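Chain identifiers are assigned alphabetically (A, B, ...) following the order of the sequence lines, protein sequences preceding nucleic acid strands; residue numbering begins at 1 within each chain. Just so we're clear, the structure is a prediction, and the values are computed from it rather than from any experiment.
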Amino acid sequence: ATLDTVKSRGFVQCGVNAGLPGFGSPDSAGNWTGLDVDYCRAVAVAIFNDPNKVKFTPLSAQQRFPAIQSGEVDLLSRNTTVTLTRDTSVGLNFAPVTYYDGQGFMVNKKLGVKSAKELNGATVCVQSGTTTELNLADFFRSNNMSYNPVVIESNDEVNAAYFAGRCDVLTTDVSGLAGTRAGVAPVPDDHVILPEVISKEPLAPAVRHGDDQWFDIVKWTINVAIQAEEFGITSKNVDEFVNSKNPDILRFLGTTPGMGKALGLDEKYAYNVVKKVGNYGEVFDRNVGPGTPLKLERGLNALWTKGGLQYSAPFR
Amino acid sequence: MSQAAQQARHIPSGEEIIRCTGVNKWYGEFHVLKNIELSVQKGERIVVCGPSGSGKSTMIRCLNRLEEHQKGTIVVDGIELTNNLKNIELVRREVGMVFQHFNLFPHLTVLENCTLAPIWVRKKPKAEAEEMAMRYLKRVRIAEQANKYPGQLSGGQQQRVAIARSLCMNPKVMLFDEPTSALDPEMVKEVLDVMIGLAEDGMTMLCVTHEMGFAKSVADRVIFMDRGEIVEQDTPDSFFTNPKSERTRLFLSQILNH
Amino acid sequence: MSQAAQQARHIPSGEEIIRCTGVNKWYGEFHVLKNIELSVQKGERIVVCGPSGSGKSTMIRCLNRLEEHQKGTIVVDGIELTNNLKNIELVRREVGMVFQHFNLFPHLTVLENCTLAPIWVRKKPKAEAEEMAMRYLKRVRIAEQANKYPGQLSGGQQQRVAIARSLCMNPKVMLFDEPTSALDPEMVKEVLDVMIGLAEDGMTMLCVTHEMGFAKSVADRVIFMDRGEIVEQDTPDSFFTNPKSERTRLFLSQILNH
Amino acid sequence: MTDNVQSVGLPDERPPANTVGPIAWLRNNLFNTWYNAILTVLVLALLGSAIPPFVDWLFINAHGLDASSAVCRKDNSGACWGFIGEKLRFILFGTFPYEQQWRPLLTIVIFITLLVASCDRRFWKPWLGLVWIAGFLSVAVLMWGGVLGLTPVENTLWGGLPLTLILSVIGLAVAFPAAILLALGRRSNMPAVKVLCVTYIELIRGVPLISLLFMASVMLPLFLPNGVSIDKLLRAQIAFIMFAAAYMAEAIRGGLQAIPKGQYEAADGLGLSYWQKMLKIILPQALAIAIPPLVNTFISFFKDTSLVIIIGLYDLLGAGKAALSDPSWRGFYREAYLFVGVIYWIFCFSMSKYSQKLERDLNRSHRR
Amino acid sequence: MATQTRTTGGAPAPGGSSFSLSDPTVRAVVYQVLVVGAVVLVGWFLISNTLDNLARRSIATGYSFLEREAAFGIGEHVIDYSPKDSYGRAFLVGVLNTLKVSIIGVILATIIGTLIGVARLSSNWLIAKLASTYVEIVRNIPPLLQLFFWYALVSDGLPPVRSALNPIPGVFLSQRGLFVPAPSADPVWTMMGIAFLVAVVAAYVLRRWAKARQARTGQIFPVGWTALGLMIGLPLIAYVAGGAPTALDMPTLKGFNFVGGMVLSPEFFAILMGLTIYTAAFIAEVVRSGIIAVNWGQTEAARALGIPSGPTLRLVILPQALRVIVPPLTSQYLNLTKNSSLALAIGYPDLVSIANTTLNQTGQAIEGVTMIMGTYLSISLSISIFMNWYNKRIALVER
Ligand SMILES: Nc1ncnc2c1ncn2[C@@H]1O[C@H](COP(=O)(O)OP(=O)(O)OP(=O)(O)O)[C@@H](O)[C@H]1O
Ligand SMILES: Nc1ncnc2c1ncn2[C@@H]1O[C@H](COP(=O)(O)OP(=O)(O)OP(=O)(O)O)[C@@H](O)[C@H]1O
Ligand SMILES: [Mg+2]
Ligand SMILES: [Mg+2]
């Protein structure tokens, strides 16, 4: 089973984006940061109680599915859209959505484009092997417009081509656009993200078919982060909740045992995750929130209680 | 010793060391050896001659299984040459061979050329092998070149080294395949002298050569081959003065005139 | 005709066809030809000999400008060899050359080898060129191989083809650069025979060779070269029996003993 | 004809002045025909117009190693060596921990020393193998650490030139014996063995390296038992070894083919066994002949290591590109590629010169 | 001792078949069984693992996905393609793109390589040095780096599309590539094409006639120049006769991009440049060594016969040099084709790039990779079949 393999190996092997600021990218010393990266760390904490017992494999969009299928990585946390074919023919099980996104377009301000509908005839930079590539084709097809795709394998190269002026338009998930604009653009203010969002892009970590226990662990590790935010538990105040009056919270944090054991993990795994990684909101704010260069609002990713879509199934 | 050898001349021991019976060989469809019958006595010196392509090389190469024959039997020193690798190896230890193009190992020194087989095949200690090699190198008068590489020697010197290399295995029979024909004329003599010395010492020899002087002075028997058959075999005296077959006469006239 | 040629022996026509005056040549700093003075009469047969590296090849290669000389004049058939391409081509048409290594064109048949130059240089119709080629091939006794490729022939046959190829241009002079020294001994004779035939027919010939038999029987004059100079030139009789210079004697003693 | 003895012992003279010396050289090499003269003038004009601006860009107008990108962007008439100044260590060593970068530096030094030493034929002795093994061991210790008080460093952090050298040199060393076996197998007279070797060699040589790398990097675990996994770097290394073995086998086969039949016969005639014959007689000679093509294989192999960028390893080229993706240095690709290119070039060029020299030496020794 | 036959390991008659390990045939069989057994074992191990893994992870297998709609766009296609088409067709587009860049690359690299190779042998020192500098620089730098360089040169070094360079009217050079006018549809173009074909046929007929005449009379006719004249002249005449239409489909800046005309995209340009420049260096070496491999004696023999340098080259040197050149040349062609897979790195949609996208969208990695390898292997195989055929055809006849 994957859990045993991971335990005996001593770390989680996690497939991430090679260079998408805010979601997965290494700094020049090789330290990985980002929202997707943090969920890898959360899984590592759930198993080992150590956010560093994880190794990252940077994957291009083309490489990610063969890599997870083949067992090259235990967990794919690489802004991957949940789709039916990926679930079925690629053979993936998707954990709860960590980021609700949609595909958008970024253009240079100088072009004066205000809407995606004005993009007829444009040259579009897109990363190969993504749903983005497919949505792009669909969008132009349905609006009876033509476009000229420049399809490149690595994210870095796509961005480089766009900023060099090879394309008029860069398309990817809106979050990715924001990340690129903030982290990669020479002058971020030269670029605007167009208002249209042309697709639903629920991004979620994925594991292979065939190991339900492992799937459960990943699923309920992510739910921990969401649930913790709902409870108002953060990495700073989690210790105050250990002796809370609320039986839900006691079960959640493992003070009342049962949940961890059921997953094959430490009873206090949820406590550890919150303590070492933080709740959903903390992870979001740390990596992509308004305080970061990406300056993303919670939007759809707000808790369901606040009008968003983030919703954890109950811990019981 | 040399005198004793001289005595041995024309009086081979009577013990048979090589016996070919009905040996036939084909290259594909081409019948290259036809019903070869040959018996060699210990101490005999045989010269094989014949026109180019008549199968001389092929015949003597069959004697140590560098070529495989397809019909008939070849027995060397009591060992029959069959597919059995053991037998082949045994025979090759006892049969030395000297080639037209020397085939020294260019990446080894003269001394190493000579000690290689004794060390690896006869499993001799290195010192002993070297000592013996030096003895034979002295005998072919080339001991002072022992640490040179073959490429640094003249053709005649190389061929003498090749002879010494074979002798180091203490073979019972030596085969020579046109040992002088790749040499510049001025070097032929030095090699022939070494071979004559060997013959005088009583070594059993089979020698393919066109050096008729050598044949006349050294051979106990001359074998004439043509188109894969042994046409005639005789003592040098009667072979040269009184060839029996027309083909032999023709051949002799060509080779002696030139 | 052959008789007439025999008559012509030792009585060259007196017309001068090649004249070298003070020819000097350097390879870089190396002085390879020193003050060569040479005059060749029509119908003369000259053998050039000398130790290796003495400049024999270089000298006869200057005669058809395969090498360029740096000082002195060379006049062939009345045409001076200068940098003028026209002159050079004219001279080359009149001077045939046979090389040590034959230099046949391996991708053409024997017949094509012979017709190539007549067709492209003399602009002959194909049929005529072939007819002539066959005539010369017959003369070198190889007509039956006309449609084979050079690779299928023995060395001696190849060299005969090379001679025929030169003859097809109807040259006035033939140059031979050691035409037999790359041949197996049994093939030397067939080539020499062809050359003797040519000589008997009165062809003007300059031949670098070590075949002293050929020199004795055919040459009108033997030229001995050493270190880039013509040391001695004389009729074969007096050259071989009574060499004047020490160097010649040394050379002859080496070459005749072998 | 009267004067039989013409002259004796003429002294060597110096050639006429117009055939040697610089003027003659110019005439013979640049202006020997009218069209050559025209070509010469044209080429000189072309060079005259191309070289000065390039030199200007490269040196005269260039910004020094300490220039910032802002300075360079303002005046872009010259190269911006500030880029190299800032990114030098990143390009050379990748993401290896900054204060530990003396370790990859030492690794580079060790590799270069080994390579240079191996070029000298005097050192072609059995102990050279031991030196190489020692070299590999010390490189392993340096790069991984974890012993002798060195901090352990994950191999995911390795990058730059050491990675390039590790992939190519170790790949070559391991592929070599395999290549020998393949080459012997291909020349074997056992049909099954031969077919297998030929199939392997032709299969590998028939497909692009990047498809092999792709397989090795993301699909390998699919072929292995569930749960068995191999380190990513190691996998790229394995792909390279498989690849190099096939190509080197062909080089070695060329060497084997060049050994005259007489050598086999002489060995047989002396009674040596198959392996004795191969190890003592044939291979030493065949490998010597095969060295130049082997070095050429190594050169292309060295260049091919740059393909690991496609599977996400940061070798020299990968690190160079990564350095370029820093927003503040975007667009200085000329400097980056020039710098990386020069490093590759120095390695490949010296190897190819060496291989040519070897070829000449070997030819000479063949000619006696 | 003398006559009794000593035997070891049995006494097999020649050709007899007693079973002994010292019989080389027996040995060979045993070795081969062992080796094949080992290979089969390893193969079986890998395949069973794969099947097991595929089943465990319930990954779909089979090639039926090729008929499904691809739904992604491809920037460059030789045949019609839209996202509505199937994966199979998308792959075909990739194969054709690979072939396109390979074929054009091969032609260009051959031309440049031959020029450089001949230049290296030039008696002009400067030209020879320049050519060898080119060779030494280019072949010692990884092709991928050169590719990146060319791509960066176009996409970073050229002006944006709005301020495209316009060196000649109608020709625009920008980051979007090179736009040139395309002749607008007109019957004259077809006529010119026909005229060209006629010229080719005429040249062929002329050649035969000239050959026959030379055989008959010995006169030599300058076929080469005449043929060249025909091939340029006839289409020109057709052009003028058709009224010399000057209507061109001019590229014009409309919206984001130039429309109309013909375009050379930066990706295509970079991959083509990279491959051509790189391979040309190797071809130059091949050509050079082919020429010097022809024995100098051949030239001398031809000279001594008085054959001028033109015919010497054509009739003596080239036929022999080609024998030496063609085999390594084809393997350079093969290398170029394989190297075109580097297109992946800069976004030219070659077969690897499209197969990778496909296998990513469908999750069928094994099928994708087998398709890539299968295609390359068939290309390699066809080339080596050609090579064997060629070698047999030109082999010098030997004894
Ligand atoms: N490996 C081979 N395959 C096919 N035919 C061969 C082979 N080796 C030799 N032959 C042919 O067998 C015949 C006899 O060859 P062999 O070498 O024994 O002749 P030879 O008498 O030694 O001639 P030479 O004096 O030229 O050495 C020749 O016609 C030769 O062409
Ligand atoms: N192309 C060359 N460059 C420099 N030196 C040369 C060249 N060709 C020949 N030589 C030298 O010129 C000298 C004369 O050479 P040549 O070939 O004329 O001698 P040869 O008398 O024909 O000797 P051989 O009998 O060996 O053919 C030799 O010392 C040779 O080394
Ligand atoms: Mg023979
Ligand atoms: Mg000479």
(message) Below 4.5 Å, heavy-atom pairs only: which of B/Val95, B/Leu104, B/Val91 has the largest tally toward chain D?
(response)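 Top count of heavy-atom pairs under 4.5 Å with chain D: B/Leu104.
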
Is there a side-chain contact between [X] and [Y] (heavy atoms, below 4.5 Å)?
X	Y	result
D/Glu265	B/Met97	no
D/Gln263	B/Pro106	yes
B/Phe105	D/Leu270	yes
D/Asp268	B/Ile88	no

(message) Report, in residue-number order, which members of residues 132-145 of chain B are under 4.5 Å from chain D by heavy-atom distance.
(response)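 Checking residues 132-145 of chain B against chain D gives no residue, so none.
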
(message) Only heavy atoms, only distances under 4.5 angstrom. Which residues in residues 160-170 of chain B are near chain D?
(response)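 Listed by number: B/Arg165, B/Met169.
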
(request) Spell out, as yes or no, whether a donor-acceptor pair under 3.5 Å connects the side chain of D/Gln276 to the backbone of B/Trp120. (result)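 Indeed, once roles are kept as given, a pair shorter than 3.5 Å links the two residues.
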
(message) Looking at D/Lys280, is its backbone amide N or carbonyl O close enough to the side chain of B/His107 to form a donor-acceptor pair, meaning the two atoms are under 3.5 Å apart?
(response)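 Confirmed, B/His107 side chain pairs with D/Lys280 backbone.
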
(message) Quick check on B/Lys124: does its NZ atom have over 12 non-hydrogen neighbours (other residues, nucleotides or ligands) under 6.0 Å away?
(response)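 Atom NZ in B/Lys124 is packed in, count exceeds 12.
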
